[in-house]
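Treat the numbers as computed from the prediction; the structure is a model and nothing was measured.
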Amino acid sequence: HTKRDNMTTVSIQGKTYGIYQFTGEVVDNNKQRETRVHGGGGATYNGTGGTAPVTSSTTIHDQFFLMDDNGQEHDVTLSNWNVTLRTGHRIQIIWVIPENKQEGPYVVVNNLNLKKFQRNDPVIGQLASDHYIKPFWAGVAGIIVISFMIKLILLPILGIIGAFIYTKKRNQVITELKAAVEKEMI
């Protein structure tokens with residue numbers, strides 16, 4: 001998650017990202033499932049009533065230890081990845097750190113023995129969203145100011161145009177980040 005020596009930099013639409021990685025052998029691993037139950041209950045009054053639905057969600061926690069080629073052990077903890085690995089497998093881990101940050105999220109777990117990689121697309125999507133969040137809100141503020149100046153006539157049109165541009169730019173960043181990360185895979 002933090003900065004290390006083995007890094008490649010990539011510039012995507014004016015912002016620099018560090019792509020970090022290391023490879024090691026699994027020396028121990030643990031998988032746990034956490035289930036949370038929500039809701040439930042009910043009431044009756046004068047013969048009528050209702051119940052609240054019961055829902056549940058399960059979070060999978062993966063923790064494994066990798067020994068790199070220099071004999072350094074690394075602890076990797078992931079939530080909701082459900083990685084496929086076992087002791088003895090060689091694993092490549094890739095994470096991305098945006099400019100002006102000291103740490104960033106894991107984005108790829110690549111099992112070299114199984115020739116299987118898992119990419120965390122929601123995390124890459126969040127990195128892309130963060131890429132344009134300041135310009136997006138500046139644009140929203142500009143739309144509000146302009147709308148007051150011209151009596152709110154163009155507010156809905158400008159809002160739709162702004163949302164369209166933001167979505168298009170975000171998707172471009174996602175595509176470029178995925179390509180940059182995949183170039184680092186062994």
Side-chain angles (χ1 to χ4, degrees), residues 1-36 57-136 163-186:
H1 268 72
T2 58
K3 295 183 177 182
R4 298 199 183 168
D5 295 337
N6 198 0
M7 188 231 348
T8 302
T9 58
V10 61
S11 181
I12 298 175
Q13 298 185 25
K15 191 169 184 179
T16 303
Y17 293 88
I19 301 175
Y20 295 80
Q21 64 163 312
F22 72 90
T23 302
E25 180 178 324
V26 177
V27 293
D28 194 15
N29 63 354
N30 182 25
K31 184 182 297 281
Q32 295 180 353
R33 288 172 171 75
E34 172 187 2
T35 301
R36 293 180 181 221
S57 61
T58 301
T59 302
I60 299 171
H61 300 282
D62 288 295
Q63 181 181 31
F64 50 96
F65 297 89
L66 299 176
M67 185 74 69
D68 68 21
D69 295 335
N70 297 323
Q72 176 68 41
E73 193 170 329
H74 304 272
D75 168 24
V76 178
T77 303
L78 306 169
S79 291
N80 284 330
W81 279 67
N82 197 21
V83 295
T84 305
L85 53 77
R86 64 184 173 96
T87 302
H89 281 187
R90 287 206 39 91
I91 304 294
Q92 178 189 28
I93 301 291
I94 300 175
W95 66 103
V96 175
I97 301 179
E99 65 184 20
N100 302 320
K101 301 280 184 178
Q102 294 302 307
E103 58 184 29
Y106 293 119
V107 294
V108 169
V109 175
N110 185 12
N111 188 322
L112 302 174
N113 293 80
L114 298 178
K115 296 180 178 27
K116 176 182 178 183
F117 78 93
Q118 291 171 260
R119 185 179 60 220
N120 193 330
D121 288 338
V123 167
I124 292 174
Q126 184 59 52
L127 287 166
S129 293
D130 293 347
H131 187 101
Y132 281 110
I133 201 70
K134 287 179 183 174
F136 173 74
F164 175 77
I165 291 170
Y166 172 78
T167 301
K168 184 176 180 183
K169 291 289 193 179
R170 179 184 179 274
N171 289 341
Q172 289 172 346
V173 172
I174 288 171
T175 300
E176 291 182 46
L177 265 175
K178 284 180 181 179
V181 165
E182 288 180 12
K183 278 177 58 177
E184 297 303 313
M185 291 176 46
I186 297 173

Across all chains, not counting sequence neighbours, the side-chain hydrogen bond (donor to acceptor under 3.5 Å, both in side chains) partners of Ser79 are His61
Hits for side-chain contact (heavy atoms from CB on, under 4.5 Å) against Asn120, two or more places apart or cross-chain, chain-then-number order -> Trp81, Pro122, Val123
Rounded to the nearest 0.5 angstrom, the NZ-CG distance for Lys101 and Asp130 is 7.0 Å
Heavy-atom closest pair (Lys116 atom, Thr84 atom, distance to 0.1 Å) is NZ-OG1, 3.2 Å
Residue set satisfying ring-ring contact (aromatic ring centres under 6.0 Å, His included) with Tyr17, at least two apart, ordered chain then number -> His131
Glu25 meets the side-chain hydrogen bond (donor to acceptor under 3.5 Å, both in side chains) criterion, sequence neighbours left out, with none
Student check: side-chain heavy atoms of Lys169 and Val173 closer than 4.5 Å: no
Residues at least two apart in sequence or cross-chain that pass side-chain hydrogen bond (donor to acceptor under 3.5 Å, both in side chains) with Asp68, listed by chain then number, are His74
Tightest non-hydrogen contact, residues Ala128 and Ile174, listed as CB-CG1, 3.4 Å
Residue set satisfying salt bridge (charged side-chain N to carboxylate O under 4.0 Å, His left out) with Lys31, at least two apart, ordered chain then number -> Asp62
Which of Val76, Asp75, Thr77 passes side chain to side chain contact (heavy atoms under 4.5 Å, CB included) with Phe64? Answer is Val76
Of Val107, Val83, Leu78, Leu85, the one forming a side chain to side chain contact (heavy atoms under 4.5 Å, CB included) with Gln118 is Val83
Sorted by chain and residue number, the side-chain hydrogen bond (donor to acceptor under 3.5 Å, both in side chains) partners of Asn110 (sequence neighbours excluded) come out as Gln92
Salt bridge (Lys or Arg N to Asp or Glu O under 4.0 Å) pairs touching residues 79-94, sequence neighbours excluded, are Asp69-Arg90
Taken in chain and number order and not counting sequence neighbours, the residues that satisfy side-chain contact (heavy atoms from CB on, under 4.5 Å) with Asn30 are Gln32
Please work out whether the ring planes of Phe22 and Trp95 are parallel, tilted or perpendicular, with thresholds of 30° and 60°. perpendicular
dist Ile91:CD1 -> Asn111:CG (nearest 0.5 Å) comes out at 3.5 Å
For Arg36, the salt bridge (charged side-chain N to carboxylate O under 4.0 Å, His left out) test, sequence neighbours excluded, returns Glu34
Under 3.5 Å, sequence neighbours excluded: what are the donor-acceptor pairs made by side chains of residues 178-186?
residue, atom, partner, partner atom, Å
Glu182, OE2, Arg119, NH1, 2.1
Glu184, OE1, Thr8, OG1, 3.1
Glu184, OE1, Gln21, NE2, 3.4
Glu184, OE2, Thr8, OG1, 3.3

Between Val109 and Ile93, does the side chain to side chain contact (heavy atoms under 4.5 Å, CB included) criterion hold? Intermediate values first, please. CA-CA 5 Å; Val109 175; Ile93 301 291; 3.9 Å; yes
Can I get a per-line list of side-chain donor-acceptor pairs under 3.5 Å for residues 9-16, giving both atom names and the distance, sequence neighbours left out?
residue, atom, partner, partner atom, Å
Gln13, OE1, Tyr132, OH, 2.3
Gln13, NE2, Gln172, OE1, 3.1
Gln13, NE2, Glu176, OE2, 3.3

So CG of Asn113 and NZ of Lys115: to nearest 0.5 Å the spacing works out to 8.0 Å
**Request:** Would you indicate whether the side-chain heavy atoms of Leu66 and Val27 approach each other to under 4.5 Å?
**Result:** no
